[in-house]
Q: 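Have a look at this one.
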Amino acid sequence: MCGLVGIVGHEPVNQAIYDALTVLQHRGQDAAGIMTDDGGRLRVRKGNGLVRDVFQERHMLKLAGNVGLGHVRYPTAGSSSLSEAQPFYVNSPYGICLAHNGNLVNMDELKRLVEQHDHRHLNTNSDSEVLLNVFAHELGKHAANGVKPQQILDAVEALYKRCSGGYAVVAMIIGYGIVAFRDPHGIRPLVLGIRETPNGVEHMVASESVALDAVGFELERDILPGEAVFIDKRGYLHSRQTSARVGYTPCIFEFVYFARPDSIIDNLSVYKARMRMGERLAAKILRVRPDHDIDVVIPIPDTSRTAAMQVAQGLGVKYREGFIKNRYIGRTFIMPEQSARKASVRKKLNAIGLEFQGKNVMLVDDSVVRGTTSQQIIDMAREAGAKKVYFASAAPPVRYPNVYGIDMPAAGELVAAGRTVEQVQRKIGADWLVYQDLDDLVQAVRHEKAGVDGFDTSCFSGEYVTGDVSRAYLDALEVIRSNSAKARRDAKVRAEELDDDTMQVASGL
């Protein structure tokens with residue numbers, strides 16, 4: 001999962017891109033990058049770490065230009081190599097920079113075609129670099145005699161015919177402007193913003209509307225599935241709804257967990273969706289256990305807070321903050337090694353004993369993925385004096401891997417995969433475990449005015465909206481995403497970085 005920003009302005013855009021990336025930091029804490037077009041000269045800074053750590057004042061001063069794009073990254077393949085930090089760049093044709101959020105499910109075949117038929121070189125294992133080279137190849141074919149808006153949109157339409165999966169893309173063609181597009185199903189989010197200035201209209205694209213809010217842009221609309229938008233360097237917008245669109249099915253996990261509650265994506269309020277999740281979860285609890293003995297509802301901070309408040313209200317019991325979160329610890333289910341996740345949970349949360357002592361506590365979380373965090377939090381609640389610990393998930397059981405850009409574990413590492421609810425309950429140590437029903441989740445997120453056809457619910461249902469996710473692909477993904485495979489990749493990255501440091505010391509750099 002990653003965060004994207006692209007701006008075409010009439011003044012330098014470096015600070016606006018930086019500010020936008022800071023509010024999208026929740027979408028990627030592994031690496032960050034900014035590229036700007038300084039009168040036809042590419043300016044770039046990217047590195048591993050948080051936005052605030054990657055960009056210092058000296059870097060910002062060099063990122064001149066009125067057109068630019070930025071990216072924050074989580075590695076869906078588990079690698080933290082600096083070589084895979086985005087945006088990526090190729091110099092032919094015209095010079096193209098690209099930032100991508102998502103995952104191509106036909107990457108292996110595309111990679112082979114890009115290298116053998118398009119005769120383009122790939123330097124990383126990133127599907128984002130493959131996507132960049134597909135776009136560059138198609139742009140070279142369609143704009144061989146010069147770049148015009150319609151030829152750029154033609155190149156995107158040709159790309160749609162070759163790429164399958166979930167993807168939102170922002171690309172900068174140096175000297176011309178920014179192009180943005182979204183997969184034909186609209187799985188990954190991308191919004192379009194506008195700002196009136198004394199010098200004219202400025203446009204911005206981003207993964208979530210909060211990025212627009214942060215820098216004073218107004219949310220104009222979502223970029224639609226299969227739509228390509230080109231904003232030229234003068235600020236004029238050109239768009240095309242291509243024939244590639246086959247549906248409007250955004251990823252429902254954005255609303256469960258990833259997106260910020262103050263975002264509006266696909267005409268849907270994340271905050272209101274989470275409120276309705278809590279209402280429906282409370283209704284299920286009352287339906288299953290009308291004579292419950294719950295004394296207090298406590299959220300697992302932060303994403304479950306909105307749903308937990310509605311659960312408490314629906315049950316007619318107290319809502320309390322029972323855990324204090326250390327905000328300087330990253331998300332745990334995406335950490336590459338199990339030992340790192342285990343070590344981080346108690347550093348991340350601390351229980352307030354008086355809210356647990358002698359009470360029957362209902363803990364509410366947005367979802368249960370590996371179950372490791374849930375188990376440790378339940379243990380913490382018992383240690384704090386809880387008499388009984390019940391656990392409620394605002395989402396259904398996660399039983400299948402996400403293949404469209406969220407770095408969920410291998411299926412064999414999902415606690416609900418191959419287990420009943422009662423078995424998961426015993427595994428995490430809860431006195432009772434209740435999950436949201438999938439139909440209730442869909443109804444909680446859906447709104448009749450949004451215009452979506454449905455949602456990608458694949459991690460809950462095992463039904464993949466692109467229709468081309470085979471058993472063989474999932475088996476290969478199981479190997480790639482396993483803890484052992486990620487550990488090997490991370491060890492290789494550390495060794496490469498050590499070699500680089502040694503070479504720099506030897507050369508006096």
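Computed from a predicted structure; not experimentally measured. Scope of the values below: all heavy atoms of this structure, side chains included, with no hydrogens, waters or symmetry mates.
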Q: Do Ile152 and Val147 have side-chain heavy atoms sitting under 4.5 Å apart?
A: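 Yes. Closest side-chain heavy atoms under 4.5 Å.
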
Q: Count the heavy atoms of every other residue, nucleotide or ligand shown that sit under 6.0 Å from NZ of Lys46, and state whether that count exceeds 12.
A: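 For Lys46, atom NZ is crowded (more than 12 foreign heavy atoms under 6.0 Å).
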
Q: Distance only, no hydrogens: is a donor on one side chain within 3.5 Å (strictly under) of an acceptor on the other, for His26 and Glu208?
A: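 Their side chains do contain a donor-acceptor pair, which is all the 3.5 Å distance test asks for.
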
Q: Take a 6.0 Å sphere around CG of Asp439 and say whether it holds more than 12 heavy atoms from other residues, nucleotides or ligands.
A: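 Open: at most 12 neighbouring heavy atoms sit under 6.0 Å from CG of Asp439.
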
Q: Quick check: closest heavy atoms across Arg188 and Gly166, and the distance to 0.1 Å?
A: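 Closest heavy-atom pair between Arg188 and Gly166: CG-C, 3.8 Å.
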
Q: Tell me whether Gln436 contacts the main-chain N or O of Met277 through its side chain, where contact means a donor paired with an acceptor under 3.5 Å.
A: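 It does hold such a pair.
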
Q: Check whether any side-chain N or O of Asp437 sits under 3.5 Å from a backbone N or O of Asp440 as a donor-acceptor pair, and report yes or no.
A: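 Flag not set: sc Asp437 to bb Asp440 has no pair under 3.5 Å.
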
Q: Phe181 vs Phe135 aromatic rings, parallel, tilted or perpendicular, using cut-offs 30° and 60°?
A: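 Taking Phe135 first and then Phe181, their aromatic rings sit tilted (interplane angle of 30° to 60°).
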
Q: Just so I know, are the side chains of His59 and Tyr18 near enough to count as touching, which here means a heavy-atom distance under 4.5 Å?
A: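 Counting from C-beta outward, His59 and Tyr18 never come under 4.5 Å.
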
Q: Between the side chain of Asp53 and the main-chain N/O of Gly49, is any donor-acceptor distance below 3.5 Å?
A: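 No, Asp53 side chain to Gly49 backbone: no donor-acceptor pair under 3.5 Å.
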
Q: Do the non-hydrogen side-chain atoms of Arg274 and Val445 ever get within less than 4.5 Å of each other?
A: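 The answer is no, as the side chains (C-beta and beyond) never meet within the 4.5 Å cut-off.
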
Q: Please check if the side chain of His203 supplies one atom and the backbone of Gly235 the other of a donor-acceptor pair under 3.5 Å.
A: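 The answer is yes, because a donor-acceptor pair under 3.5 Å joins these two groups.
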
Q: Quick one, Thr197 with Asn199, criterion side chain to side chain donor-acceptor pair (under 3.5 Å). Give me CA distance, side-chain angles, the key distance, then yes/no.
A: CA-CA 5 Å; Thr197 75; Asn199 296 321; 5.0 Å; no

Q: Where do Gly47 and Val54 come nearest, in terms of heavy atoms and distance?
A: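 Shortest heavy-atom contact: O-CG2, 3.4 Å.
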
Q: Do Pro250 and Phe455 have side-chain heavy atoms sitting under 4.5 Å apart?
A: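 Side chain of Pro250 against side chain of Phe455, heavy atoms only: contact under 4.5 Å found.
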
Q: Is the backbone of Val201 close enough, under 3.5 Å, to the side chain of His10 for a donor and an acceptor to pair up by distance?
A: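 Looks like yes, one N/O pair under 3.5 Å.
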
Q: Determine, stepwise, if the pair Thr466 / Ile187 fulfils side-chain contact (heavy atoms from CB on, under 4.5 Å).
A: CA-CA 10 Å; Thr466 56; Ile187 300 170; 4.2 Å; yes

Q: Angle class for the Phe460/Phe253 ring planes (parallel below 30°, perpendicular above 60°, tilted otherwise)?
A: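 Because their plane-to-plane angle lies in the 30° to 60° range, the rings of Phe460 and Phe253 count as tilted.
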
Q: Evaluate Glu109 against Arg162 for salt bridge (Lys or Arg N to Asp or Glu O under 4.0 Å), listing each step before the verdict.
A: CA-CA 10 Å; Glu109 177 65 11; Arg162 299 180 62 180; over 6 Å; no

Q: Checking Ser393 side chain against Ala395 main chain: does a donor-acceptor pair fall under 3.5 Å?
A: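 Checked: pair present.
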
Q: Under 4.0 Å between a Lys/Arg side-chain N and an Asp/Glu carboxylate O for Arg195 and Glu220?
A: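 Result for this pair is no, no salt bridge flagged.
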
Q: Please indicate whether Arg221 has more than 12 foreign heavy atoms, meaning atoms of other residues, nucleotides or ligands, lying under 6.0 Å from its CZ.
A: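 Above 12, so yes.
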
Q: Knowing that exactly one of Asn267, Ile264, Val210 qualifies, which makes a side chain to side chain contact (heavy atoms under 4.5 Å, CB included) with Leu219?
A: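 When side chain to side chain contact (heavy atoms under 4.5 Å, CB included) is applied between Leu219 and each of Asn267, Ile264, Val210, only Ile264 qualifies.
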
Q: Can you name the one residue among Val5, Asp19, Val23 that meets side chain to side chain contact (heavy atoms under 4.5 Å, CB included) with Val215?
A: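 Between Val215 and the candidates, side chain to side chain contact (heavy atoms under 4.5 Å, CB included) is satisfied uniquely by Asp19.
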
Q: Before you tell me yes or no, could you show the steps for Arg112 and Asp108 under salt bridge (Lys or Arg N to Asp or Glu O under 4.0 Å), namely the whole-Å CA-CA distance, both residues' side-chain angles and the distance that decides it to 0.1 Å?
A: CA-CA 6 Å; Arg112 184 184 66 80; Asp108 290 342; over 6 Å; no

Q: Let me know which of Asn123, Asn48, Asn125, Asp30 forms a side chain to side chain contact (heavy atoms under 4.5 Å, CB included) with Glu84.
A: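 Result for side chain to side chain contact (heavy atoms under 4.5 Å, CB included) with Glu84: Asn125.
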
Q: Return the minimal non-hydrogen interatomic distance between His185 and Val465, and the atom names on each side.
A: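 Heavy atoms of His185 and Val465 come nearest at CE1-O, 3.2 Å.
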
Q: Might you point out which heavy atoms bring Gly175 and Asp37 nearest each other, and give the distance in Å?
A: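 Closest approach of Gly175 to Asp37, heavy atoms only: N-OD2, 2.7 Å.
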
Q: Would you say OH of Tyr89 has more than 12 non-hydrogen atoms from neighbouring residues, nucleotides or ligands within 6.0 angstrom?
A: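 Check passes, neighbour count above 12.
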
Q: Which heavy atom of Pro396 sits nearest a heavy atom of Leu441, and at what distance?
A: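 What the structure gives for the nearest pair is CD-CD2, 3.4 Å.
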
Q: By the salt bridge (Lys or Arg N to Asp or Glu O under 4.0 Å) test, which pairs, at least two apart or in different chains, include something from residues 168-179?
A: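 Found none.
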
Q: Show your reasoning for whether salt bridge (Lys or Arg N to Asp or Glu O under 4.0 Å) applies to Arg260 and Glu254.
A: CA-CA 9 Å; Arg260 275 183 37 157; Glu254 289 278 354; over 6 Å; no

Q: Can you name the closest pair of heavy atoms from Asp222 and Arg182 and give their distance?
A: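 Taking Asp222 first and Arg182 second, the nearest heavy atoms are CB-NH1, 4.2 Å.
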
Q: Would you say Tyr74 and Arg27 make side-chain contact, with heavy atoms under 4.5 Å?
A: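 No, too far: nothing below the 4.5 Å cut-off.
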
Q: Please tell me whether Asn106 and Tyr473 have a donor and an acceptor in their side chains that are separated by less than 3.5 angstrom.
A: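 On atom types as modelled, these side chains do not qualify, holding no pair under 3.5 Å.
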
Q: Check whether any side-chain heavy atom of Leu4 lies under 4.5 Å from a side-chain heavy atom of Leu69, and answer yes or no.
A: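 Counting from C-beta outward, Leu4 and Leu69 never come under 4.5 Å.
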
Q: What pairs meet the side-chain hydrogen bond (donor to acceptor under 3.5 Å, both in side chains) rule with one or both residues in residues 143-153, with sequence neighbours excluded?
A: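 Sorted pair list: Gln150-Arg240.
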
Q: For Gly68, is there any backbone N or O sitting under 3.5 Å from a side-chain donor or acceptor partner on Thr36?
A: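 No: the side chain of Thr36 does not pair with the backbone of Gly68.
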
Q: May I have the step-by-step check of side-chain contact (heavy atoms from CB on, under 4.5 Å) for Asp262 and Val270, ending in yes or no?
A: CA-CA 7 Å; Asp262 45 343; Val270 177; over 6 Å; no

Q: Could you tell me whether a side-chain N or O of Asp127 sits under 3.5 Å from a main-chain N or O of Val130, the two making a donor and an acceptor?
A: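 The answer is no, because no donor-acceptor pair under 3.5 Å joins these two groups.
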
Q: Do any N or O atoms from the side chain of Asn103 and from the backbone of Tyr404 form a donor-acceptor pair under 3.5 angstrom?
A: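 Between the backbone of Tyr404 and the side chain of Asn103 there is no qualifying donor-acceptor contact (under 3.5 Å).
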
Q: Kindly say whether Ala444 contributes a backbone atom to a donor-acceptor pair with the side chain of Arg276 at under 3.5 angstrom?
A: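 At least one qualifying donor-acceptor pair exists.
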
Q: Would you say the side chain of Ile7 lies within less than 4.5 Å of the side chain of Phe217, judging by non-hydrogen atoms?
A: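 Yes, close enough: below the 4.5 Å cut-off.
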
Q: Heavy atoms, side chains only, cut-off 4.5 Å: are Glu218 and Leu212 in contact?
A: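 Contact flag for Glu218/Leu212 side chains = no.
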
Q: Does a side chain donor of either Asp456 or Ser458 reach within less than 3.5 Å of an acceptor in the other side chain?
A: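 On atom types as modelled, these side chains qualify, holding a pair under 3.5 Å.
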
Q: Go through the structure and list residues passing ring-ring contact (aromatic ring centres under 6.0 Å, His included) with Tyr176, not counting sequence neighbours.
A: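 Expected list: Tyr94.
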
Q: Salt bridge or not between Arg120 and Asp118? Use side-chain N to carboxylate O under 4.0 Å.
A: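 Looking at Arg120 and Asp118, the cut-off is not met.
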
